[in-house]
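The next block holds one structure in the form of structure tokens; read it before the comments.
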Amino acid sequence: MLLKVLCSMVCLGFTAAPPLASAATGVNLVMCDGIVVPMSERLAIFSAIAISGDRIAALGTNEEILALAGPETEIVDLAGKTVLPGFIDAHAHLLRDCGNAGVTIEEAQGLALSCGVTTAAEMLVEPGDVERYATLAARGAIRVRTRLYLAYNSLCGDVHGDWYKAYRPRAEVAPRLAIGGVKVFAERSSCGTL
């Protein structure tokens with residue numbers, strides 16, 4: 001019973017709407033007159049949202065949130081459109097395999113973003129890829145937050161060695177680019193053998 005109560009308290013702490021802030025908190029963006037769905041446990045829906053930097057500062061009615069706007073705040077009238085949290089693609093190949101689909105890395109990410117995907121796990125990263133992707137990120141070409149999963153071996157089981165040990169799990173290697181973990185291929189159906 002105690003565990004259930006503690007879990008409920010933790011869940012409520014993470015899903016409750018942020019309290020209304022004051023205009024002094026640096027609200028730089030207000031989106032109003034829409035349907036704001038924060039995907040909380042309580043399924044609450046708001047008409048407006050205030051953003052400070054890259055964080056949600058407050059959720060509420062149009063009047064409550066517009067009151068937080070300062071003279072430099074960008075105000076977006078959603079005109080009834082819906083705002084949802086960014087989606088996470090837990091198994092993607094946006095960076096590596098986009099050429100197979102006939103699109104560039106930039107186009108693949110643009111498509112993901114247009115569908116609401118703001119974070120993706122790049123599930124096959126081989127030696128040399130981290131540096132290549134970091135170069136792209138340094139020039140602003142990585143727009144989707146990407147977690148890189150470093151391949152211990154190839155699709156057909158050939159071991160790449162311990163190259164992955166040069167990177168710490170969860171370490172950010174460039175803007176919007178971080179190490180997710182190590183991937184080990186345990187089956188060989190992808191290379192044509194069973």
What pairs of donor and acceptor atoms, side-chain ones from residues 156-168 against any protein atom, are under 3.5 angstrom apart with sequence neighbours left out?
residue, atom, partner, partner atom, Å
His160, NE2, Glu126, OE2, 3.0
Trp163, NE1, Ala151, O, 2.9
Tyr167, OH, Glu131, OE2, 2.3

(request) Looking only at non-hydrogen atoms, find the nearest pair between Phe46 and Pro38 and report the distance. (result) CE1-CG, 3.8 Å
(message) In the structure I gave you, are the side-chain heavy atoms of Tyr133 and Leu148 within less than 4.5 Å of one another anywhere?
(response) yes
(message) For residues 56-113, which residue pairs pass the ring-ring contact (aromatic ring centres under 6.0 Å, His included) check, not counting sequence neighbours?
(response) His91-His93
(request) Look up atom CG in Asp33 and atom OG1 in Thr61, then write down how far apart they are to the nearest 0.5 Å. (result) 11.5 Å
(request) Would you name the heavy atoms of Gly102 and Glu107 that are closest together and state the gap between them? (result) O-OE1, 4.4 Å
(message) Holding to side-chain contact (heavy atoms from CB on, under 4.5 Å), I want the full list of residues that pass it with Ala48, two or more places apart in sequence or in another chain.
(response) Cys32, Asn62, Ile65
(request) Identify whether Met39 and Ile35 are in the same connected component of the hydrophobic contact network (ILVMFWY, side-chain heavy atoms under 4.5 Å). (result) yes
What pairs of donor and acceptor atoms, side-chain ones from residues 68-80 against any protein atom, are under 3.5 angstrom apart with sequence neighbours left out?
residue, atom, partner, partner atom, Å
Thr73, OG1, Val27, O, 2.7
Thr73, OG1, Gly70, N, 2.8
Thr73, OG1, Gly70, O, 3.4
Asp77, OD1, Ala79, N, 2.8

(message) If I take atom CD1 from residue Ile88 and atom CZ from residue Arg147, how far apart are they, to the nearest 0.5 angstrom?
(response) 8.5 Å
(message) Checking one residue: Leu124. Which other hydrophobic residues are in its cluster under the side-chain 4.5 Å linking rule?
(response) Leu155, Phe185
(request) Please list all pairs passing the ring-ring contact (aromatic ring centres under 6.0 Å, His included) test where one or both residues lie in residues 96-126, with sequence neighbours left out. (result) none
(message) Walk me through whether Ile56 and Ile51 qualify under side-chain contact (heavy atoms from CB on, under 4.5 Å).
(response) CA-CA 5 Å; Ile56 296 173; Ile51 307 294; 4.0 Å; yes
(request) Look at the side chain of Asn28 and the backbone N and O of Gly53, then say whether any donor-acceptor pair between them is shorter than 3.5 Å. (result) yes
(request) State which residues pass side-chain hydrogen bond (donor to acceptor under 3.5 Å, both in side chains) with Asp129; sequence neighbours excluded, sorted by chain then number. (result) Arg96, Arg132
(message) Here's a test for you: under side-chain contact (heavy atoms from CB on, under 4.5 Å), which of Leu84, Thr82, Ile49 qualifies with Val36?
(response) Ile49
(message) So, taking the atom named CG in Leu136 and the one named CZ in Arg176, what distance separates them when rounded to the nearest 0.5 Å?
(response) 13.5 Å
(request) Establish whether Met123 and Val117 are linked, either directly or via other cluster members, by ILVMFWY side-chain heavy-atom contacts under 4.5 Å. (result) no
(request) Nearest 0.5 Å please: distance from the CD atom of Gln109 over to the CG atom of Leu95. (result) 6.0 Å
(message) I need the Thr118 OG1 to Leu113 CG distance, nearest 0.5 Å.
(response) 7.5 Å
(request) Determine whether Ile105 and Val125 fall in the same hydrophobic cluster, where Ile, Leu, Val, Met, Phe, Trp and Tyr are linked whenever their side-chain heavy atoms lie under 4.5 Å apart. (result) yes
(message) Under a 3.5 Å distance rule, please check whether Ser52 uses its side chain to pair with a backbone N or O of Gly26 as donor and acceptor.
(response) yes
(request) Would you confirm whether Glu122, through its side chain, and Leu94, through its main-chain N or O, come within 3.5 Å as a donor-acceptor pair? (result) yes
(message) Test of understanding: with side-chain contact (heavy atoms from CB on, under 4.5 Å), list the residues that count as partners of Ala90, not counting sequence neighbours.
(response) none
(request) Could you pull out all residues at least two apart from Ala137 that satisfy side-chain contact (heavy atoms from CB on, under 4.5 Å)? (result) Ile142, Ala174, Pro175, Leu177
(request) Give the other cluster members for Val103, using side-chain heavy-atom distances under 4.5 Å between Ile, Leu, Val, Met, Phe, Trp and Tyr residues; answer none if it is isolated. (result) none
(request) Could I get the full list of side-chain contact (heavy atoms from CB on, under 4.5 Å) partners for Ser114, not counting sequence neighbours? (result) Leu111
